[in-house]
*Asks:* 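Pasting in a structure now, in structure tokens, and then I'll have a few things to ask.
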Amino acid sequence: MDQELPEDEALRIQQHVHRCSDCRSEFESLSYAYELVENGISWIEASDRIWEEIKNEIGPGKVVDLTERRARRASRFSRYWLPAVAAAAAVLVLALIGPALRQNSFPHEQRFASFMAEREARMHQRIEVLQRRSLDDRHQPRTNPFMQPVSHLNGNPFSEE
Amino acid sequence: MLRALSALPLIFSLAFGPAILAQDDWDSVRKIAEAQYEIIKMMIEKGQFEKVPSAAAKVFELDFPSSKEHLLVDAASYWTDLLLHHKQPAMAHEILGSAYGSVKLDKSKAALCLERAYVYKMEGNLDAAQKMFEKSVEHESKAP
């Protein structure tokens, strides 16, 4: 079949195959198999009868329908794993691009931070002045009740400059 | 010559009269604001917060010239500090909102927005603080 034998021996075998029906049947079967392989057929669908025979040999209850099992597995994945994987991916994406998005959405980050720090310091200073001044007032005798209060010290912006 | 001299007071009053009058007007406005400022400060210190908005409105309703608007902003800023010190951020927002409605200059509006941004920040509302800061920047860009 593979043209590997010497010519005279190949001829002798050919004559035998022609005469012997068993060898001829074997040869035809092999030739068919060779032909299938050469034509690139990688999968041969077994007939229902073969599957029935295999099932009978294995025994009842031990054969599982693979199509059903695959469908069940796919449904389990889509029900439990797919949302979990999607959520994890979303969290990862947010963690990666979140800070960049935030920075883009608020371009005055630095000015904002420095204003807030300065403003908070000013507030503490004002409150401190106010508290200190009320304490001073309590101890300071008022000599002239008609005296105009030096209120600008107390933060009054409307006092005369 | 005598006629010319007698006309001098008239000429003087016509030339400088409006300025003197405006100065008098401003002085009376300033005095009212000064007194009202102290009253509001005392109200806050005594915890009479519910009286503060109407008392502050009396200051904001005064006819402030544009050149003196910064004083209104300063007053609102000071009251804001006192109100925050007494844990009254909602009241601070109310006062700053009234002040915002009473000023005309973008510069003053920008400063008041900054004050509100600060109040939001102190409340822990960073998003609102940033939005208010952006509003302040917008006003600032419009200011001459």
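Residue numbers begin at 1 in each chain, while the letters A, B, ... track the order of the sequences.
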*Asks:* Starting from M132(B), can I reach L83(B) by hopping between I/L/V/M/F/W/Y residues whose side chains sit under 4.5 Å apart?
*Replies:* no

*Asks:* Do Y78(B) and I32(B) belong to the same hydrophobic cluster, where Ile, Leu, Val, Met, Phe, Trp and Tyr are linked whenever their side-chain heavy atoms lie under 4.5 Å apart, directly or via other members?
*Replies:* yes

*Asks:* Within a radius of less than 6.0 Å around CD of Q125(A), do more than 12 heavy atoms belonging to other residues, nucleotides or ligands occur?
*Replies:* no

*Asks:* Measure distances from V29(B) to the heavy atoms of chain A and classify the residue's part below 4.5 Å as side chain, backbone, both or neither.
*Replies:*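 Looking at V29(B), nothing touches chain A.
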
*Asks:* Got a sec: does the CD of E118(A) have more than 12 other heavy atoms crowding it under 6.0 Å?
*Replies:* yes

*Asks:* Can you tell me how far CZ of F133(B) sits from CE of M116(A), rounded to the nearest 0.5 angstrom?
*Replies:* 7.0 Å

*Asks:* Where does F112(A) contact chain B at under 4.5 Å (heavy atoms): side chain, backbone, both or neither?
*Replies:*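 The answer is both parts of F112(A).
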
*Asks:* Of the listed residues (L82(B), L84(B), L72(B), V137(B)), which shares the most heavy-atom pairs with chain A below a 4.5 Å separation?
*Replies:*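 Winner by heavy-atom pair count: V137(B).
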
*Asks:* For the atom pair OG (S77(B)) and CZ (R126(A)), what is the distance rounded to the nearest 0.5 Å?
*Replies:*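 Reported value, rounded in 0.5 Å steps: 3.5 Å.
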
*Asks:* Is Y37(B) linked to M42(B) within one hydrophobic cluster, defined over Ile, Leu, Val, Met, Phe, Trp and Tyr using a side-chain heavy-atom separation of less than 4.5 Å?
*Replies:* no

*Asks:* Is there a side-chain contact between Q130(B) and H108(A) in this structure, where contact means two heavy atoms from C-beta onward sitting under 4.5 Å apart?
*Replies:*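 No. Closest side-chain heavy atoms not under 4.5 Å.
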
*Asks:* Counting only heavy atoms not in E57(A) (residues, nucleotides, ligands), do more than 12 fall under 6.0 Å from its CD?
*Replies:* no

*Asks:* Hydrophobic cluster membership, with links at side-chain heavy-atom distances under 4.5 Å among I/L/V/M/F/W/Y: are F49(B) and W79(B) in one?
*Replies:* yes

*Asks:* Counting only heavy atoms not in E9(A), do more than 12 fall under 6.0 Å of its CD?
*Replies:*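 More than 12 heavy atoms, drawn from other residues, nucleotides or ligands, come within 6.0 Å of this atom.
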
*Asks:* Under 6.0 Å from the NE2 atom of H18(A), do we count more than 12 heavy atoms belonging to anything else shown?
*Replies:* no

*Asks:* Residues of residues 104-123 of chain B under 4.5 Å from chain A (heavy atom pairs)?
*Replies:*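 Heavy-atom contacts from residues 104-123 of chain B to chain A are L114(B), E115(B), A117(B), Y118(B), K121(B), M122(B).
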
